[in-house]
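One structure is given below, encoded as structure tokens.
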Number of protein chains: 2
Amino acid sequence: MTDDQWLTGEQLNAWVRFAAILQLFPAVLDAQLQRESDLTHFEYFTLAMLSEAPEQTLRMSVLAGRTNATLPRLSRVISHLEARGFVRRAPCRLDRRATDATLTEAGWEKVVATAPGHVDLVKTVLIETLTAKELGDLSAISAKLLKKLDPESRMAATAII
Amino acid sequence: MTDDQWLTGEQLNAWVRFAAILQLFPAVLDAQLQRESDLTHFEYFTLAMLSEAPEQTLRMSVLAGRTNATLPRLSRVISHLEARGFVRRAPCRLDRRATDATLTEAGWEKVVATAPGHVDLVKTVLIETLTAKELGDLSAISAKLLKKLDPESRMAATAII
DNA sequence: TCAAAATAGTTGCGCCTACAACTTATTTGC
DNA sequence: GCAAATAAGTTGTAGGCGCAACTATTTTGA
């Protein structure tokens, strides 16, 4: 392999560090949610998406899009959340193939109880660790990378946590 | 929940984008390795670590440290790689509790065959997407985040992907 | 010296997820 | 208007991974 196929020292350094972040950051998020709320990050994100939707209701396929999940994965996670009383399923009247998922009162309370600790962690680990300028830089860099990773911006719409 | 518990618009924006990167980047890496080499990123990384070690050999616990994996996880992955002929296990003479994992000739060839495509992807998605300054910024930002995420820098030593 | 504690590694078990097959309902095109 | 194609969800099957239990070996300390 010729040298130009490899990365320069600086490039390699940046990549190694960034790769470590990619591995550690999600693990830290998941660990905190598991410990404090007995939720995976994906479960929390799913509940959060429902909590922001009109009537706290979304069709399964729409919710799958917002959470960037496959439908089989979402289906099982919703089954689990339904068993715990956080979500309710109902057939959609307009299209009887479809299923609407709705956040229950207990589900809403779960989100309300879980969000502060999660936001705190994000603030501690990300926001307060960087200067305002660095956070802006990271935001711009992320935007550029997103264009390459997700050209159709399927993940674009997702807001909050 | 009072406002100061939440994130400002700018902060939220940065976090949402960065969170999307955390989800998409590893998926893109894994997909390419799976498609072109039938390896998970973790398997490739494990082979790569062995390929750089003296005698292409490392003790399981040391290898677990370098790959940031638990010993049970590594043990099964090595079993799988052993079954495919890429790695060989041997009891360590100095400490008979320990096991040495060694890259086979076939394993070396697998790394050599796999590395260029993987490096190309990293160059395409990361290096060439950013300016040299941005890559430097990302490197510095990653270093700061690493300090928070991994204070004992257990992942510090890892080089080359 | 030798029993107790610690260490290295493997394996049983359960959960999560992907892929594919399947069911039911809707849309399309002849 | 109806058969074929498509779409929405669910479930069977298999593989990866974490935790905890287990075996075997080494270290510690009374």
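Letters A, B, ... mirror the listed sequences (proteins, then strands); counts begin at 1. The figures here come from the full heavy-atom set of this structure, side chains too, leaving out hydrogens, waters and symmetry mates.
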| query | So which nucleotide from C:dT10, C:dA8, C:dC16 ends up closest to the side chain of B:A98? | reply | C:dA8

| task | Describe, as an angle rounded to 10 degrees, how the axis at the first end of the helix from C:dT1-D:dA30 to C:dC30-D:dG1 is tilted relative to the axis at the last end, five pairs per end. | result | 10°

| task | Dump the intermediate steps for side chain to side chain contact (heavy atoms under 4.5 Å, CB included) on B:L135 and A:E10, then the final yes or no. | result | CA-CA 9 Å; B:L135 192 63; A:E10 273 308 301; over 6 Å; no

| message | Between C1' on C:dT17 and CZ on A:F42, what's the gap in Å once rounded to a whole number? | response | 10 Å

| said: Without decimals, in angstroms, what is the distance between A:D100 CG and D:dA8 P? | reply: 13 Å

| task | Kindly point out which of D:dC17, D:dA8, C:dG9 is positioned nearest to the side chain of B:R59? | result | C:dG9

| task | Output yes when at least one side-chain N/O atom of A:S61 is less than 4.0 Å from OP1 or OP2 of D:dA7, else no. | result | no

| query | Is a side-chain donor-acceptor pair under 3.5 Å present for A:Q32 with A:H41? | reply | no

| For atom CG of B:L63 and atom P of C:dT10, their distance in whole Å | 11 Å

| request: Specify the separation, in whole Å, of atom CD1 of B:I78 and atom P of D:dG16. | output: 13 Å

| Gap between atoms CE and P, on A:M60 and C:dT23 respectively (whole Å) | 20 Å

| field | B:R89-B:T102 side chain donor-acceptor pair, cut-off 3.5 Å | value | no

| request: Return the value, rounded to whole Å, for the distance between atom CD of B:Q23 and atom P of C:dT17. | output: 11 Å

| Relative to the 5' end of DNA chain D, which residue comes earlier, B:V77 or A:R73, by the nucleotide with the nearest heavy atom? | A:R73

| task | Specify the separation, in whole Å, of atom NE2 of A:H80 and atom C1' of D:dT11. | result | 17 Å

| query | Has B:R97 got a side-chain N or O lying under 4.0 Å from the OP1 or OP2 atom of C:dA8? | reply | no

| task | State, without any angle test, whether A:T129 and B:K144 hold a side-chain donor-acceptor pair at a distance under 3.5 Å. | result | no

| Between B:D100 and B:R88, does at least one N-O distance fall below 4.0 Å, as a salt bridge requires? | no

| message | Expressed as a whole number of angstroms, how long is the span from B:L94:CG to C:dA8:P? | response | 14 Å

| note | Between B:L74 and A:R76, whichever has its closest DNA chain C nucleotide further toward 5' is B:L74

| note | Picking from D:dT25, D:dA20, D:dT10, the nucleotide nearest the side-chain atoms of A:R89 would be D:dT10

| message | Check the phosphate of D:dG18 against B:T70, side-chain N and O only, distance under 4.0 Å to OP1 or OP2. Yes or no? | response | yes

